[in-house]
Amino acid sequence: QVQLVESGGGLVQAGGSLKLSCAASGSIFSINAMGWYRQAPEKQRELVATMTTGGRTNYADSVKGRFTISRDNAKNMVWLQMNSLKPEDTAAYYCNAEVLTYGRARFADYWGQGTQVTVSS
């Protein structure tokens, strides 16, 4: 009943920029945190950046100063501006949202399908 649709991935040269976007839709009563995670081949999925409804952010140390998360609570959207990209940023990026749906008493995690970001040297 909840869908997260991502876009914005692609191939970029080291030092370049990309902006990812994610829109949540469906039977959404409210959303707590939204954010971005990434997973490289043969590695575990890791947190990149998250933001609560109130605007509190959390960034991975590896992206601080380079990536910026933003959010529009009214539109149920979240973005990730990625600057000064490095080859080690190459991964599949996944949108995540903690969603309270109509008829449920607890928040649950929902995930997007993933969008590939590849940074070339």
Side-chain angles (χ1 to χ4, degrees):
Q1 293 184 338
V2 176
Q3 301 83 39
L4 302 181
V5 180
E6 300 158 295
S7 63
L11 176 64
V12 65
Q13 189 174 356
S17 299
L18 285 173
K19 188 173 185 177
L20 308 182
S21 64
C22 174
S25 62
S27 300
I28 299 171
F29 180 77
S30 66
I31 300 178
N32 186 16
M34 296 188 76
W36 296 91
Y37 294 71
R38 67 187 182 188
Q39 187 169 20
E42 305 298 324
K43 298 187 68 176
Q44 293 185 343
R45 189 171 299 185
E46 64 177 355
L47 181 148
V48 178
T50 61
M51 180 179 284
T52 66
T53 302
R56 179 173 55 85
T57 59
N58 186 28
Y59 292 93
D61 289 341
S62 60
V63 307
K64 287 181 179 177
R66 300 188 298 120
F67 291 9
T68 303
I69 188 170
S70 58
R71 180 175 174 179
D72 187 328
N73 294 329
K75 296 181 179 179
N76 294 327
M77 294 188 68
V78 64
W79 297 266
L80 184 68
Q81 178 66 52
M82 303 184 293
N83 298 325
S84 302
L85 282 162
K86 304 174 181 179
E88 50 262 46
D89 295 318
T90 296
Y93 284 70
Y94 296 88
C95 181
N96 170 264
E98 298 175 335
V99 181
L100 181 65
T101 57
Y102 290 105
R104 295 297 188 93
R106 299 177 63 188
F107 286 86
D109 281 334
Y110 290 86
W111 295 89
Q113 78 286 351
T115 184
Q116 180 67 36
V117 172
T118 302
V119 184
S120 62
S121 301

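Position 1 is the first residue of the sequence, and the numbers go up from there. Just so it is clear, the values below take in all heavy atoms, side chains as well, and ignore hydrogens, waters and symmetry mates.
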Asker: Closest heavy-atom contact between Val78 and Ser70?
Answerer: CG2-O, 3.1 Å

Asker: Please check if the distance between the ring centroids of Trp36 and Phe67 is under 6.0 Å.
Answerer: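 Between Phe67 and Trp36, which both carry aromatic rings, the centre distance is not below 6.0 Å.
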
Asker: Using the side-chain contact (heavy atoms from CB on, under 4.5 Å) rule, take Val12 and Thr118 through it: C-alpha gap first, then chi angles, then the decisive distance, then the call.
Answerer: CA-CA 6 Å; Val12 65; Thr118 302; over 6 Å; no

Asker: Just jot down the salt bridge (Lys or Arg N to Asp or Glu O under 4.0 Å) partners of Lys64, sequence neighbours excluded, or say none.
Answerer: Asp61

Asker: Exactly one of Arg38, Arg45, Gln113 should register a side chain to side chain contact (heavy atoms under 4.5 Å, CB included) with Tyr94. Which one does?
Answerer: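 Answer after filtering Arg38, Arg45, Gln113: Arg45.
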
Asker: When you look at Tyr102 and Ile28, which way does the side-chain contact (heavy atoms from CB on, under 4.5 Å) test go after all the steps?
Answerer: CA-CA 6 Å; Tyr102 290 105; Ile28 299 171; 5.7 Å; no

Asker: Between Ser7 and Ser21, is there a side-chain donor-acceptor contact under 3.5 Å, judged purely by atom types and distance?
Answerer: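 Looking only at side-chain atoms, Ser7 and Ser21 do form a donor-acceptor pair, the distance falling under 3.5 Å.
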
Asker: Are Arg71 and Thr53 linked by a side-chain donor-acceptor pair shorter than 3.5 Å?
Answerer: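 Yes, a side-chain donor-acceptor pair sits under 3.5 Å.
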
Asker: Give me each pair satisfying salt bridge (Lys or Arg N to Asp or Glu O under 4.0 Å) with a member in residues 110-121, each pair once, sequence neighbours excluded.
Answerer: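 Found none.
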
Asker: How long is the straight-line distance from CE of Met77 back to SG of Cys22, given to the nearest 0.5 Å?
Answerer: 8.0 Å

Asker: If you count the non-hydrogen atoms of other residues, nucleotides and ligands that lie under 6.0 Å from CD in Gln1, is the total more than 12?
Answerer: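 Open.
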
Asker: So, using side chain to side chain donor-acceptor pair (under 3.5 Å) as the criterion, who are the partners of Ser30 when residues are at least two apart?
Answerer: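 Side chain to side chain donor-acceptor pair (under 3.5 Å) check on Ser30 returns nothing, list empty.
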
